[in-house]
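Step one of this worksheet: look at the structure below.
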Amino acid sequence: MRIATWNINSVRLRLPLLTGVRDALAPDVICLQETKTPDEFFPLEGIKALGYPHVAMRGMKGYNGVAIFSRHPFTVLPDTPDWCLKGDCRHLGVMLDAPGGPIELHNFYIPAGGDIPDRLVNVKFAHKLDFLAEATEWSVANAAAPRRVLVGDLNIAPLEHDVWSHKELLKVVSHTPIEVEALNRWMQKGAWYDAMRHFVPAEEKLYTWWSYRAQDWAASNRGRRLDHVWVSPDLAPALKGMQVLREARGWEKASDHVPVMVELG
DNA sequence: ATGGTAGATCCTCTA
């Protein structure tokens, strides 16, 4: 079972790139963030033509938006929270009909949080912290459940080597101590295990995002690991492989995020 | 300290 996650930054604009993702990673399931598309304009037939007959999406006009598509059947989980009561499309949960038993899969797009890391002067940062607090409590209630997977653009790079310079990014939103603490608290309280770092030691650099604003993203290589795959502890022994599709950052009309794939056996 | 790019769009907001 291969599960991929990718912040596609407009599913309509980058639909053709999904062929490359499919061919490179052969995922059974693909979770997208920032689809930026209301459901009535979602390219449903294009996704199905890639070989993913089972599709669910939760989109809105202009911003946000998540989608899950799969070779295996699934049912969309009802009663997902209205996070921070904003009506945003930032979360989609499904129960996957997987070999070896059902998998509860959650796809998240966490608020980026704006530029100033102070909740008193920046409502976007307050929203990010509030969202993380709500997500923590939501995970606590379900922490004992088996066969859980959580993926998505969490917009936080928690480890020192999840960013190109720990020192220079300590005051930059995505790597501030208050965000890192909130993310770690979510992981601990929800009994989540970092599936990417299972394969790459904490001392090694690991990025999934490179800014559009760099003149040469590959040469400067100022990346961050903003995208994550977490699994429940019972699935940790089933982890068979992980791949970050770095080359996708160099494709024509690339997203600023690259796909991440985890294989469970 | 600053500004750089990209996408969708109620040409400004979001990242």
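Hydrogens, waters and symmetry mates are skipped; everything else that's a heavy atom, side chains included, is used. Just so we're on the same page: letters track the sequence lines, and every chain starts at 1.
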With sequence neighbours left out, what residues match [X] under side chain to side chain donor-acceptor pair (under 3.5 Å)?
X	answer
A/Thr35	none
A/Tyr207	none
A/Glu104	A/His106, A/Asn142
A/His72	none

[atom1]-based separation of [M] from [N] [nearest Å]:
N	M	atom1	value
B/dA15	B/dG3	C1'	15 Å
B/dA6	B/dT2	P	23 Å
B/dC10	B/dG4	C1'	27 Å
B/dT9	B/dC13	C1'	9 Å

Using whole Å, report how far [atom1] of [X] lies from [atom2] of [N].
X	N	atom1	atom2	value
A/Arg222	B/dT5	CZ	P	15 Å
A/Gln33	B/dA8	CD	P	16 Å
A/Leu15	B/dA8	CG	C1'	17 Å
A/Glu252	B/dG7	CD	P	11 Å
A/Lys61	B/dA8	NZ	P	13 Å
A/Lys253	B/dA6	NZ	C1'	8 Å
A/Leu13	B/dT9	CG	P	11 Å
A/Asp115	B/dA1	CG	P	15 Å

Mind telling me if B/dC11 is syn or anti? Syn here is a glycosidic angle within 90° of 0.
->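 Chi for B/dC11 falls in the anti range.
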Sequence neighbours excluded and cut-off under 3.5 Å, please list the side-chain donor-acceptor pairs for residues 166-174 of chain A, or say none.
| unit_1 | atom_1 | unit_2 | atom_2 | d |
| --- | --- | --- | --- | --- |
| A/His166 | ND1 | A/His175 | NE2 | 2.8 |
| A/Ser174 | OG | A/Arg224 | NH1 | 3.1 |

Give one of base, sugar-phosphate or nothing for A/Arg14, where a contact means two heavy atoms less than 4.0 Å apart.
->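 Since only primed, P, OP1 and OP2 atoms lie under 4.0 Å of A/Arg14, the category is sugar-phosphate.
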Just do the side chain to side chain contact (heavy atoms under 4.5 Å, CB included) check on A/Leu18 and A/Phe69 with the steps written out, would you?
-> CA-CA 12 Å; A/Leu18 278 169; A/Phe69 41 95; 4.0 Å; yes
Mutual orientation of the aromatic rings belonging to A/Trp192 and A/Trp230 [parallel < 30°, tilted 30-60°, perpendicular > 60°] =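 Answer is tilted, since the angle falls between 30° and 60°.
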Short heteroatom pairs, N/O only, protein and nucleotides 13-15 of chain B, under 3.5 Å:
| unit_1 | atom_1 | unit_2 | atom_2 | d |
| --- | --- | --- | --- | --- |
| B/dT14 | OP2 | A/Lys124 | NZ | 3.1 |
| B/dA15 | N6 | A/Arg213 | NH2 | 2.5 |
| B/dA15 | N1 | A/Arg213 | NH2 | 2.9 |

